[in-house]
Each structure stands twice: as structure tokens, then as C-alpha cells.
2 protein chains.
Amino acid sequence: MTSIKDIAKKAGVSISTVSYALNGSERIMKETAERILAIADELGYVPHGAARRLKKRESMLVGIYLTNYGGHFYGSLLQGVKDELNRRGYDLIVCSGMRSHRLIPERTFDGTIVLDSEFTDEELLDYAERGHKLVVLDRELAHPHINQVLLDNKAGASLAMEHLLEQGYERIYVVGGPEDAYDARQRLRAVRQVMDRSPGTEFRMIPGSFQKKSGYAAGKTIADEYDRPSGVFCLNDEMAIGLYEYLEEHTSLQVGEHVHLIGFDNIEPGRYMRPKLATIDYSLTKWGAVAAEQLLKLIDGEPLEPERVYVRLVEGGSVRPLPDKKQEQPN
Amino acid sequence: MTSIKDIAKKAGVSISTVSYALNGSERIMKETAERILAIADELGYVPHGAARRLKKRESMLVGIYLTNYGGHFYGSLLQGVKDELNRRGYDLIVCSGMRSHRLIPERTFDGTIVLDSEFTDEELLDYAERGHKLVVLDRELAHPHINQVLLDNKAGASLAMEHLLEQGYERIYVVGGPEDAYDARQRLRAVRQVMDRSPGTEFRMIPGSFQKKSGYAAGKTIADEYDRPSGVFCLNDEMAIGLYEYLEEHTSLQVGEHVHLIGFDNIEPGRYMRPKLATIDYSLTKWGAVAAEQLLKLIDGEPLEPERVYVRLVEGGSVRPLPDKKQEQPN
DNA sequence: AATCGTATTCGAAACGTTTCGATAAAACGC
DNA sequence: GCGTTTTATCGAAACGTTTCGAATACGATT
């Protein structure tokens with residue numbers, strides 16, 4: 001491979017001169033610089049990343065960790081992060097899995113975004129303690145090197161519950177999420193608050209894991225004890241889709257008719273469901289962009305202002321008013 | 001940050017001894033090694049990635065480039081690649097966008113998998129010429145440092161077309177893909193072959209871009225000239241879903257009744273469409289695993305056997321026989 | 001006691017950059 | 001034509017590792 005030395009030899013100058021020329025320093029004469037650039041080009045020179053990173057102690061690389069690559073979740077989030085980073089000269093690197101955690105303490109990135117429950121809080125605090133800059137999207141963590149950009153889970157869950165309540169069902173099911181997941185806990189807390197102030201309605205909790213199959217299982221539970229139209233709030237869309245699938249495959253219950261279903265996340269497949277899945281939407285792209293922005297501030301040592309990402313209700317045919325209630329309360 | 005030097009000082013040995021100890025060399029005494037390891041641990045030592053890569057001239061990192069992070073396409077592919085790589089001690093790094101192409105000639109990875117039309121053939125050949133090892137998933141490229149793992153696009157497209165033909169429609173639309181995309185060209189070639197040997201049927205080509213919106217536009221074309229039940233083969237599912245959406249939103253034409261739709265890729269949202277989207281399936285996970293395996297062989301300098309990934313038809317309610325034809329040809 | 005072999009440790013060079021401080025050469029003021 | 005400043009280039013050290021060849025120590029062999 002051609003290195004800076006080869007260029008120096010061919011141009012008859014020292015390697016430091018080449019380095020300055022390559023980096024566009026003012027110190028060296030314009031003509032010399034041009035000659036060097038030309039030779040570098042001719043030789044197809046590209047600097048050795050590791051060497052440069054070792055010396056400069058920065059990589060212009062940002063890592064992002066996700067629990068898994070699957071799901072419909074991540075595409076636009078990543079896009080948001082990447083666009084913002086590129087604008088500032090950084091590149092994004094996507095990682096998944098415990099194995100690759102090592103890249104962080106090995107100082108591969110200048111900073112890291114985490115949306116990955118495989119990290120423990122301790123682990124992240126340890127990296128921060130070593131000086132690594134982090135933005136976390138799935139937990140709250142107090143450390144000068146960590147910032148968080150959190151979704152307004154509580155507002156979203158309240159929105160969803162209230163939407164169901166407005167339709168007038170007598171029973172509402174809530175399909176939960178993993179107990180250790182921050183967003184699940186937040187959503188659930190809001191759910192409980194809404195429950196507490198709505199005494200007339202019967203609420204039932206069904207455990208869930210945020211995965212499609214747990215929604216599927218919840219579908220069975222609900223179908224088995226079905227006796228009248230009910231509302232169902234799945235703490236994410238993935239489970240709502242699983243639930244829909246169960247009803248479709250094994251029962252004659254209609255979503256939007258017998259079972260009124262709302263999810264959370266507004267993932268794409270929900271939009272193709274028929275009837276369309278009601279859900280809570282937030283801009284993943286924006287979430288990503290804000291996360292990137294915060295991380296760059298952290299890297300530059302700028303003061304950080306914690307950020308929050310807002311949510312909104314998206315109605316869909318999967319939740320419809322009870323016909324009789326509609327008559328009773330025409331507004 | 002704590003380096004090997006700090007350990008050496010604390011342990012009262014030379015840095016080379018520390019290095020050997022850390023790497024588990026036989027050369028050094030067991031007790032010394034243990035003492036060094038303990039100190040390293042106590043100091044929270046993690047080797048500096050860039051330094052190590054510079055010296056060792058290998059990174060144990062594999063890059064994969066995708067055109068974009070979105071779509072439903074990539075999740076299981078990435079999973080397949082990652083699992084296979086991890087098994088062999090490598091880590092996977094996902095990249096997207098021109099900007100990050102630089103990571104390849106900068107020698108960040110030991111090898112790279114490409115499924116990204118933003119690379120030109122020349123660019124890839126240039127990297128190969130520099131000694132970089134590549135596996136390409138979206139083109140054919142002859143070079144000793146490049147291997148390809150190709151999908152059997154032709155077989156898939158034939159399967160799709162024949163499935164439509166068997167149902168007995170008099171007209172079949174084909175929604176195309178980008179002209180410069182290898183897979184689109186392959187699929188189209190097979191389509192043409194099937195057309196040529198099926199003279200009784202009327203075929204119409206509609207241009208497409210592999211993106212949802214072009215399917216949507218094709219939906220309009222088809223609806224505008226609708227006069228009898230027709231088959232439609234969209235060269236990928238994404239477009240098929242767009243087409244479905246158009247019909248749903250703007251017409252009373254029913255998929256599986258008036259318009260008989262088949263796609264290609266078996267992406268997840270197609271499975272939630274109602275009626276379910278008929279499509280061509282292949283194991284993305286396996287495709288990824290094979291690609292990873294081939295790349296590792298390339299890195300190890302093992303002889304490579306070109307690989308191919310097979311496809312199968314997945315039937316769905318979006319394609320149904322014509323009722324009268326069914327009577328005519330009961331088998 | 002001199003030699004050898006083996007086991008353990010060490011010193012130094014190297015990987016490919018960047019960058020500080022020095023040097024040499026040219027331009028300036030007087 | 002002498003000091004002084006400016007401009008362009010260079011040498012060398014450093015970043016944190018790995019690894020080759022050498023050095024040391026020590027017991028065993030003669």
C-alpha cells in the first residue's frame with residue numbers, strides 16, 4: 001500500500017511536508033503542495049485510518065448500538081442520525097450485539113448513541129467514566145459525559161388510553177412490555193394513572209414482551225374470554241400486529257368491530273393493516289437527528305440541554321366508537 | 001487513558017512482557033502473567049483499537065454497505081451476516097452513504113460486503129486492486145479479491161410469471177425496476193423469456209423504481225385502463241404494496257379479485273396485507289450467512305466457490321384463479 | 001570450573017500518521 | 001552588507017501496540 005513515505009520519496013521532500021500539503025496547511029508553498037497532491041493522486045494514496053486515528057486521537061466516527069437489526073423500527077431513526085452527523089463531517093457506524101461493545105472502550109468512536117437493552121447502566125457509566133461521550137435513548141443516566149433524548153412515553157400512553165376511553169367500551173385490555181425496559185415502564189405508569197382516574201371502566205393487564213408473538217398470545221387470551229366489544233392498548237405496534245394476526249387466523253372477531261386496537265410507535269406494517277392500526281406516532285427521524293446533535297455537542301464540550309421528543313395520536317379504523325355510545329353522546 | 005505502559009510500570013516489567021502476557025503467550029512465566037493480568041484488570045485496561053490495528057494490520061472487522069437503512073429488507077440479512085461473523089471472531093459494522101465509502105480504502109475493515117447501488121463497479125474494482133477483499137451481492141464482478149453471492153433472480157421471476165399465467169388472465173402487467181440495478185435486469189430478462197414463450201397473453205410493461213411510490217403510480221396506470229381481471233407482477237414487494245395502496249385509496253378494484261398481484265422479496269408488510277401478497281421468497285438470513293462465509297474465505301485466502309441462493313414461490317390471496325378458467329381447466 | 005541449554009524477560013524497531021520546534025534560505029529595513 | 005523578520009522545508013518525537021532478536025539468569029552437563 002502506498003503511504004506518505006512513498007509520496008515523499010517521489011516528490012523529493014520530507015514526509016512532514018507531504019503531511020502538511022495533504023492537510024492543506026498554509027505553511028507550504030502553493031506549487032509544492034500542488035505537486036504533492038498530484039503525486040498522491042497518481043499513486044492512489046489514501047491515508048491509513050488506524051494510523052491517523054492513533055495520532056489524532058479522534059476518529060470522526062460515531063457508533064450507534066441497536067438491540068437487533070430487525071423490526072421496522074430503526075430505518076428512519078438511523079437516517080435521521082446519519083444525515084445530521086454527515087452534515088457535521090462525522091460518519092455513522094451501526095452495531096449490534098454484545099461482542100461489539102468492545103469497540104467503545106477501544107476508542108473506535110468519538111461518541112456513541114445507545115438504544116440497546118443489552119447494555120447495563122453500569123457498563124455505560126463505566127465508559128462515560130473513561131471519558132467516552134454517550135447519548136442514551138432508552139434510559140435515564142446521570143453523568144457529565146452522558147445525555148439522554150427521551151420520548152414522551154407518558155404523554156403517548158395517556159393519549160392512547162384516553163382515545164380508547166372516549167369510545168365508551170366497558171372493558172379495556174392493556175398488553176404490557178418487558179419489565180426492565182424503560183419505555184415499557186414509562187408507558188405503563190401513564191396507563192395506571194389513567195386507570196386510576198377512570199373508575200367506571202374495567203381494566204385488564206396482559207403481560208407482553210414487545211415482540212409480535214406475545215401480542216399473538218394476548219390475542220388468544222382476549223378471544224377466549226370475549227363477551228362484548230372491548231378496547232385493547234398494546235404498548236407497541238409490533239404486539240398489536242401479532243394480536244391482529246391471531247384474531248384473523250383463529251377467530252371471527254373483527255378488529256375495529258369487536259376488538260378495538262391501538263398500538264404505539266406507528267411502524268410501517270401497521271399502516272397496511274386493514275383496518276388501519278390506530279397508534280401513537282413520533283418522528284423517528286427527528287429523534288435520531290436530535291440524538292446526533294446532542295452527541296456532537298457533548299463531543300465538542302458544549303453545554304447540553306436535555307431534549308424530549310413529542311408524540312401524537314394517529315387514528316385508524318382499528319378503533320371505532322361503540323354505536324350505542326355514539327347515539328348517547330353525539331358530540 | 002491507561003495504556004500498556006502504565007501496567008508495565010506498576011508491575012515493574014517491560015512493556016513487551018506486558019504485551020506477551022496480555023496476549024497469553026507461552027513465553028512468560030505463569031505467575032508473572034497472572035500478576036500482570038490482575039493489574040491490567042485493576043487499571044481497567046482495554047487495548048487501543050487503532051494502535052493495535054495499525055500494528056497488526058488486521059481489524060477483525062467486516063463492513064457491510066446498504067443503500068439505505070430503511071425498508072423492511074435488511075433486518076434478517078444483517079442478522080445472518082452478523083451471526084456467521086461472530087462465530088468466527090469478527091464483528092460487523094453497518095454503513096450507508098457515499099461519505100463512508102472512505103472507510104474501505106482507509107483499511108478500517110478486513111473485508112466488506114456490498115449491497116449498495118451507490119458503488120460503481122470501477123470503484124469496487126479499484127478497492128479490490130488495492131488488495132481489499134469484497135463480497136458483492138448486487139452485481140457480477142470478476143476479480144481475484146471479489147466473490148459474489150447472487151440470488152436466483154431469474155428463477156424467481158419465472159416462478160412469479162408462471163404463477164400468474166396459470167390463473168388464466170388475458171392481460172399481465174409487469175412493473176419494472178431501476179435500469180441500472182442488477183437484480184431488476186435479471187428479473188426482467190426472465191420475464192421477457194416467459195413472455196416470448198406465451199404468445200396467447202397480452203403483456204404490458206410499466207416502468208418502476210423499486211420504491212413504493214412507483215408502485216403507487218403504476219396502480220393509477222392500471223386502474224385507468226381497467227376493463228377486465230388482470231395479473232400484475234411487481235418486480236419487488238415494496239412496489240406491490242404501493243400499488244395495493246393506490247387501488248385501495250382511489251378505486252373500488254379489489255386485489256385478488258380484479259387485480260391479481262404478485263411481488264418479489266417476501267418482506268414483512270406483505271404478510272399483513274389483506275389479501276396476503278403472493279411473492280417470491282428467499283432466505284435473507286441464509287443469504288447473509290453465505291456472504292459472510294465467502295468473505296471469510298476470501299480473507300483467509302481460501303479458494304472460493306461461487307454461491308447462489310435459491311428462491312421459492314409463496315402463494316397468497318392476492319393472486320386467485322379466474323373463476324371461468326378454473327372450470328375450463330379443473331386440474 | 002567452563003560450557004551449554006532452557007526459561008524468562010527485555011530493548012528496540014516498526015506500523016503510518018501528525019505536529020512541534022529547528023533550520024535554511026530569501027526578503028527586508030537601514 | 002549586517003541584523004532581523006518572514007517563508008518554506010525538514011527532523012524527530014510521539015501516539016499505543018506487536019514482535020524479533022538479544023540478554024540475562026539459572027540449573028544441568030561435562
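To find a chain, count down the sequence lines: A is the first, B the second, and so on, and within it residues start at 1. What you see is a predicted model, and the numbers here were worked out from it, not measured in a lab.
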- Given D:dC15, C:dG16, D:dT17, the nucleotide with the shortest approach to the side chain of A:Arg57: D:dC15
- Query: Quick one: is D:dC10 close enough that its OP1 or OP2 comes under 4.0 Å of any side-chain N or O from A:Ser16?
  - Reply: no
- Any A:Ser14 side-chain nitrogen or oxygen under 4.0 Å from OP1 or OP2 of D:dT9: no
- Query: Atom CD1 of A:Ile36 and atom P of D:dA8: how far apart are they, to the nearest Å?
  - Reply: 13 Å
- Sidechain N-carboxylate O distance under 4.0 Å for B:Glu42, B:Lys10: yes
- Item | Closest nucleotide among D:dT18, C:dT9, D:dG16 to the B:Asn23 side chain | D:dT18
- Note on the structure: Sorted by position of nearest nucleotide on DNA chain D, 5' first, the leading residue of B:Tyr20 and B:Leu54 is B:Leu54
- Message: Taking any heavy-atom pair under 4.0 Å as a contact, classify B:Ser19: base, sugar-phosphate, or nothing.
- Response: base
- Item | Minimum-distance nucleotide (side-chain atoms of B:Pro47 versus C:dT18, D:dT17, D:dG21) | D:dT17
- Message: Just N and O in the side chain of B:Lys5: are any of them under 4.0 Å from OP1 or OP2 of D:dC15?
- Response: yes
- Side-chain donor or acceptor of A:Lys55 under 3.5 Å from a matching atom on the base of C:dT17? no
- B:Glu118 side-chain N/O to B:Met98 backbone N/O, donor-acceptor pair under 3.5 Å: yes
- Message: Nearest to the B:Thr32 side chain among D:dT17, C:dG16, C:dT8, which nucleotide is it?
- Response: C:dT8
- Item | Salt-bridge criterion met for B:Asp83 and B:Arg87 (N-O under 4.0 Å) | no
- Among D:dT17, C:dT17, D:dC10, find the nucleotide with the atom closest to the side chain of A:Val13. D:dC10
- Would you say the base of C:dT18 and the side-chain of A:Arg52 have a donor-acceptor pair closer than 3.5 Å? no
- Message: Check this one for me: any side-chain N or O of A:Tyr45 less than 4.0 Å away from OP1 or OP2 of C:dT17?
- Response: yes
- Query: Counting just side-chain N and O atoms, does A:Thr17 come under 4.0 Å of either OP1 or OP2 of D:dC10?
  - Reply: yes
- Message: Among C:dT18, D:dT17, C:dT17, which nucleotide has an atom closest to any side-chain atom of B:His48?
- Response: D:dT17
- Query: According to the interplanar angle, ranging from 0 to 90°, do the rings of B:Phe119 and B:His101 count as parallel (below 30°), tilted (30 to 60°) or perpendicular (above 60°)?
  - Reply: parallel
